[in-house]
Visitor: 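My structure is below; once you've seen it, I'll send some questions.
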Number of protein chains: 2
Amino acid sequence: MPERHRRTVRDLRRGNRATLLRRLYFEGPLSRQELAAHTGLSSASISNVTAELLADGLLEEAGSVGSDGGRPRTLLRIPPGAGSLIGVDVGETRIRVELFDISMTELARSVHPLKDGGHGDVTHVVRLIADGLAAVCGADVQRGPLLGIGVGVPGIVAEDPAGDGAVVHAQTVGWDAVPLESLLRSTAQLSSSTPLFVSNGAKTLGQAEMWFGAGRGARDAVIALIGSGVGASVITDGSAYGGAAQGAGEWGHTTMQLRGRRCRCGARGCLEAYVGAEAVLERWREAGGGRAPGADEESALAALLASEDPAAAEVLAETAEYLGAGIADLVNLFNPERIVLAGWAGLQLGARLLPAVREATAAYALRYPAARATIELGRLGTDAVTVGAATLPLNRFLTTGGAPQGPGG
Amino acid sequence: MPERHRRTVRDLRRGNRATLLRRLYFEGPLSRQELAAHTGLSSASISNVTAELLADGLLEEAGSVGSDGGRPRTLLRIPPGAGSLIGVDVGETRIRVELFDISMTELARSVHPLKDGGHGDVTHVVRLIADGLAAVCGADVQRGPLLGIGVGVPGIVAEDPAGDGAVVHAQTVGWDAVPLESLLRSTAQLSSSTPLFVSNGAKTLGQAEMWFGAGRGARDAVIALIGSGVGASVITDGSAYGGAAQGAGEWGHTTMQLRGRRCRCGARGCLEAYVGAEAVLERWREAGGGRAPGADEESALAALLASEDPAAAEVLAETAEYLGAGIADLVNLFNPERIVLAGWAGLQLGARLLPAVREATAAYALRYPAARATIELGRLGTDAVTVGAATLPLNRFLTTGGAPQGPGG
DNA sequence: CGGTCTTATCTCAAGGCGTGAGTTAAGTAG
DNA sequence: CTACTTAACTCACGCCTTGAGATAAGACCG
């Protein structure tokens with residue numbers, strides 16, 4: 001790669017556009033004055049750049065606010081119609097496609113259920129996604145130009161060395177090096193200039209909580225995602241939001257008990273084998289707990305939480321200890337200021353077990369990082385994977401300053 | 001913090017100076033031509049910037065090399081005398097201070113042994129460091145201006161919110177919020193314009209291996225450091241070297257066995273309680289193994305490795321399994337392309353156990369990231385903590401492009 | 001109602017910077 | 001000695017940010 005780092009004087013303008021856009025996006029309407037103070041740019045430059053952005057339709061004036069006796073400040077904001085975004089959630093049981101405006105208000109959605117093992121037929125999955133895209137794009141709603149598409153998937157996402165875009169490795173659903181990006185581009189006939197991002201669903205949900213949920217404002221945070229499986233999303237130095245260096249997080253397959261319970265990944269003693277919803281229910285069954293026939297995991301877990309059975313209490317206490325210790329690992333490794341427990345099972349378990357989890361974390365983590373970290377529940381519910389996925393092209397939009405630069409190179 | 005991101009056109013020049021310096025530092029002598037190709041800058045800019053750097057004495061011409069018939073390329077390099085660096089290793093048994101020239105050639109050193117528990121008296125430790133600094137600075141060697149000082153310490157380093165510089169929390173040696181930076185600045189009477197960095201010793205050693213050792217060239221790597229205790233240094237996106245976002249790493253206190261062995265940190269089942277040298281020897285003792293009276297840990301570990309006792313083999317096999325599983329955690333969490341096993345105990349154990357460790361890692365990690373990661377031994381030995389520490393001011397030098405900007409603000 | 005004050009925003013000339021084309025420097029091949 | 005090739009430098013141009021000053025827009029006071 002011959003090129004690196006910024007170069008020409010033009011990048012300055014791009015960078016400043018991006019800075020202003022990002023600030024305006026997250027900190028609501030601001031006056032030029034405040035922008036100058038926050039960004040350190042001179043007021044002259046603010047005028048120039050905002051004039052450009054206004055001309056591009058990326059900004060609009062939004063009333064004004066008095067100033068002790070002087071000319072009132074004109075507030076600026078990004079109009080919701082400045083663009084639209086699509087987020088896709090390739091979940092364990094369904095595929096959801098949602099269309100958002102730039103303020104992440106949902107404009108349309110399309111959901112396809114997916115049978116167990118339905119992931120095996122990749123072509124079918126891709127077709128479902130493409131249908132969903134077509135459906136939301138065809139929806140009769142007012143919206144700006146499409147800024148891009150984000151897709152959240154299970155497993156690990158890597159870049160194809162042959163330049164074929166994102167490739168997905170998802171051991172648990174049987175995907176081995178699936179070139180999802182190129183498949184989707186051709187199946188959905190996407191223009192090559194449409195930004196398309198593929199990322200791990202847990203990371204994606206993490207970004208949603210970081211930007212709009214419980215992680216908002218934190219610099220270093222970890223989003224722990226517990227569903228049937230377990231994942232985590234690590235955000236370090238999230239200052240200015242999208243500057244965030246995102247770490248992956250197959251946290252669920254971290255060893256908590258050497259030679260312990262068999263995990264569906266093949267190894268033994270993984271965290272997921274203890275605190276994943278599937279594993280918790282399995283452990284309850286082993287302890288003699290019942291599961292209403294035909295009940296899905298979600299209601300079965302609710303039943304466990306509601307049970308008065310001492311065996312259930314024991315299972316839950318152990319779950320809290322494992323979860324706390326698992327979180328302690330993250331605390332020790334990353335020293336985050338905030339930990340957000342999310343995912344459907346995480347929210348269910350957390351509502352009841354949070355105090356016990358906090359206690360276990362304090363017991364297993366080192367004192368100093370433990371004192372710094374707070375543990376909270378996620379605020380966005382389970383459906384935020386699409387929001388997080390849509391966040392990917394949104395981040396690109398904010399980072400490039402809405403520049404009309406095709407991703408050809 | 002009101003200011004963020006780049007702003008003025010002057011930062012461009014600073015950035016380009018930095019880019020050129022960094023490239024020249026790591027990729028040896030290069031011609032202006034090659035610099036242009038690598039950095040994407042126009043040859044005109046290369047001429048301008050290099051002329052400036054030459055005038056500042058930060059660059060020198062170093063011969064020339066023919067070019068198929070045309071004018072030969074003049075090679076440029078950073079002269080070793082462009083500056084000097086000091087690295088300090090606050091170790092478990094001694095304090096080492098070393099002076100390097102900019103190419104990391106050692107010019108002088110000073111070592112003070114430290115008795116067990118000697119860390120408790122912080123003032124004394126600081127005095128020893130200051131004496132060491134004075135000693136190496138007084139050494140009669142040719143050297144350039146001092147570019148800065150780096151200090152590697154055990155434990156976690158944080159920034160004092162009151163602006164008092166780095167504060168060290170090291171549970172294992174009894175340091176609780178020690179404001180090492182300000183103590184050292186006043187005791188050693190450092191000018192406030194002398195860059196002084198304090199960082200975790202494991203991170204520091206990690207950076208040394210990344211820049212000059214087994215990690216060289218890797219983008220994402222983890223340096224696992226095993227001594228009496230266990231730490232890790234995580235480097236993500238190390239492209240262009242110092243762009244590296246360094247994650248901390250109290251990896252040693254990650255839980256491997258819930259409710260397992262008691263660790264010196266107070267928790268149970270930590271990795272360190274199984275694979276730290278102290279723990280390994282303790283486990284050998286429990287298994288009936290002997291330890292020559294008076295032998296230090298290093299030779300005791302060597303004796304264990306040399307032992308033909310089946311109990312010893314058992315202890316080692318278990319150690320390899322724990323270590324492998326611990327590495328698997330890192331593999332799953334960070335998906336690194338390379339893992340470097342370092343630290344004195346890590347090197348000793350690794351020399352013998354590396355195949356078993358690799359096997360255990362493969363068994364415990366997910367297939368895809370495991371296939372990507374290679375596990376290697378460190379190349380720099382145990383004394384590289386000072387090199388790594390010196391790397392901190394060096395990194396600053398390369399990042400600022402050697403700008404004469406005092407760190408006042 | 002007009003004058004004065006205060007504050008926000010715009011305008012403009014100046015100074016920096018990177019670029020690309022053209023020029024000069026420094027060799028080789030015949 | 002000449003033609004050719006390649007490296008490095010020079011210069012006019014366009015773009016960027018800045019700081020100072022001009023202008024806009026309201027509040028306060030008499």
Side-chain angles (χ1 to χ4, degrees), chain A residues 2-20 24 29-56 59-77 401 403-405, chain B residues 2-20 24 29-55 59-77 401 403 405:
Chain A
E3 322 204 4
R4 283 235 162 280
H5 292 291
R6 322 197 151 263
R7 282 168 304 162
T8 163
V9 74
R10 226 127 166 189
D11 295 318
L12 272 181
R13 173 57 62 96
R14 249 195 291 280
N16 287 334
R17 279 174 68 117
T19 305
L20 292 193
L24 282 165
L30 290 171
S31 68
R32 294 175 175 80
Q33 197 67 194
E34 292 166 295
L35 283 172
H38 286 342
T39 60
L41 284 161
S42 71
S43 61
S45 291
I46 298 286
S47 274
N48 285 336
V49 179
T50 53
E52 225 179 82
L53 290 171
L54 280 163
D56 290 354
L59 237 52
E60 68 180 8
E61 304 201 329
S64 61
V65 59
S67 69
D68 330 321
R71 173 175 177 174
R73 286 168 281 227
T74 314
L75 295 179
L76 298 169
R77 74 168 170 216
Q405 155 222 318
Chain B
E3 321 202 5
R4 284 236 161 279
H5 291 290
R6 326 197 149 263
R7 280 167 304 162
T8 164
V9 72
R10 229 127 167 186
D11 294 318
L12 269 182
R13 176 55 66 94
R14 249 195 291 280
N16 286 333
R17 280 174 66 117
T19 305
L20 292 193
L24 282 165
L30 291 172
S31 67
R32 294 174 175 79
Q33 197 67 195
E34 292 166 296
L35 282 172
H38 286 341
T39 61
L41 284 160
S42 69
S43 62
S45 293
I46 298 285
S47 274
N48 285 336
V49 178
T50 53
E52 226 180 81
L53 290 170
L54 280 163
L59 238 52
E60 67 180 9
E61 304 200 330
S64 60
V65 59
S67 67
D68 328 318
R71 173 175 176 174
R73 286 168 282 227
T74 313
L75 295 178
L76 298 168
R77 72 167 172 217
Q405 157 222 320

Visitor: With a 3.5 Å distance limit and no angle check, can you tell me whether B/Thr8 reaches the backbone of B/Asp11 through a side-chain donor-acceptor pair?
Guide: no

Visitor: Find which nucleotide of DNA chain D each of A/Ser45 and A/Ser64 is nearest to by heavy atoms, and output the residue with the more 5' nucleotide.
Guide: A/Ser45

Visitor: If you check the B/Arg10 side chain, which of D/dA24, C/dA26, C/dG16 turns out closest?
Guide: C/dG16

Visitor: Grab the CZ-P distance between B/Arg32 and D/dT6 for me, whole Å please.
Guide: 19 Å

Visitor: When you measure from the side chain of B/Ala44, which nucleotide among D/dA8, C/dC17, D/dC11 comes out closest?
Guide: D/dC11

Visitor: Expressed in angstrom and rounded to an integer, what is the separation of B/Ile46 atom CD1 from D/dT10 atom P?
Guide: 15 Å

Visitor: Side-chain N or O of B/Arg73 less than 4.0 angstrom from OP1 or OP2 on D/dA7?
Guide: yes

Visitor: Closer than 4.0 Å, any side-chain N/O of A/Arg13 to the OP1 or OP2 of D/dT17?
Guide: yes

Visitor: Whether B/Asn16 contacts C/dG18 is assessed here as follows: a side-chain N or O lying under 4.0 Å from the phosphate OP1 or OP2. Is that the case?
Guide: yes

Visitor: Just the rounded figure in Å: distance from C1' of D/dA8 to CG of B/Leu30.
Guide: 16 Å

Visitor: Could you check whether any side-chain heavy atom of B/Glu60 comes within less than 4.5 Å of a side-chain heavy atom of B/Leu76, counting everything from C-beta outward?
Guide: no

Visitor: Can you check whether A/Thr8 has a side-chain N or O nearer than 4.0 Å to OP1 or OP2 of C/dG18?
Guide: no

Visitor: Give the intermediate values and the outcome of salt bridge (charged side-chain N to carboxylate O under 4.0 Å, His left out) for residues A/Glu34 and A/Arg73.
Guide: CA-CA 9 Å; A/Glu34 292 166 295; A/Arg73 286 168 281 227; 5.4 Å; no

Visitor: Would you tell me if any nitrogen or oxygen in the side chain of A/Ser43 comes within less than 4.0 Å of OP1 or OP2 on D/dG19?
Guide: no

Visitor: Examine distances only and state if a side-chain atom of A/Asn16 and a backbone atom of A/Arg13 form a donor-acceptor pair shorter than 3.5 Å.
Guide: no

Visitor: Looking at C/dC10, D/dA8, D/dT18, which one has an atom nearest to any side-chain atom of A/Ser47?
Guide: C/dC10

Visitor: Grab the CZ-P distance between B/Arg17 and C/dG18 for me, whole Å please.
Guide: 11 Å

Visitor: Go through it in stages, so that I can follow the logic: the residues are A/Leu24 and A/Leu35, the test is side-chain contact (heavy atoms from CB on, under 4.5 Å), and I'd like the CA-CA distance, side-chain angles, deciding distance and then a yes or no.
Guide: CA-CA 8 Å; A/Leu24 282 165; A/Leu35 283 172; 4.2 Å; yes

Visitor: Provide, to the nearest angstrom, the distance between the CD atom belonging to B/Gln33 and the P atom belonging to D/dT6.
Guide: 10 Å

Visitor: Rounded to whole Å, how long is the line connecting atom CD of B/Glu61 with atom P of C/dA26?
Guide: 11 Å

Visitor: Of all the choices, C/dC17, C/dT9, D/dC16, which nucleotide is nearest to the side chain of A/Leu12 once you look at every atom?
Guide: D/dC16

Visitor: Does the side chain of A/Ser31 reach to within under 4.5 Å of the side chain of A/Leu75, using non-hydrogen atoms?
Guide: yes

Visitor: Just the rounded figure in Å: distance from P of D/dA8 to CG of B/Leu76.
Guide: 8 Å

Visitor: Separation of B/Arg14 atom CZ from C/dG18 atom C1', in whole Å?
Guide: 16 Å

Visitor: Please pick, from D/dC16, D/dG26, C/dA26, the nucleotide with the shortest atom-to-atom distance to any side-chain atom of A/Pro72.
Guide: D/dG26

Visitor: Using the side-chain heavy atoms of A/Val9, tell me which of these nucleotides is nearest: D/dC15, C/dA25, C/dT19.
Guide: D/dC15

Visitor: Given D/dA25, C/dG18, D/dA8, identify the nucleotide with an atom nearest to the side chain of B/Ser42.
Guide: C/dG18

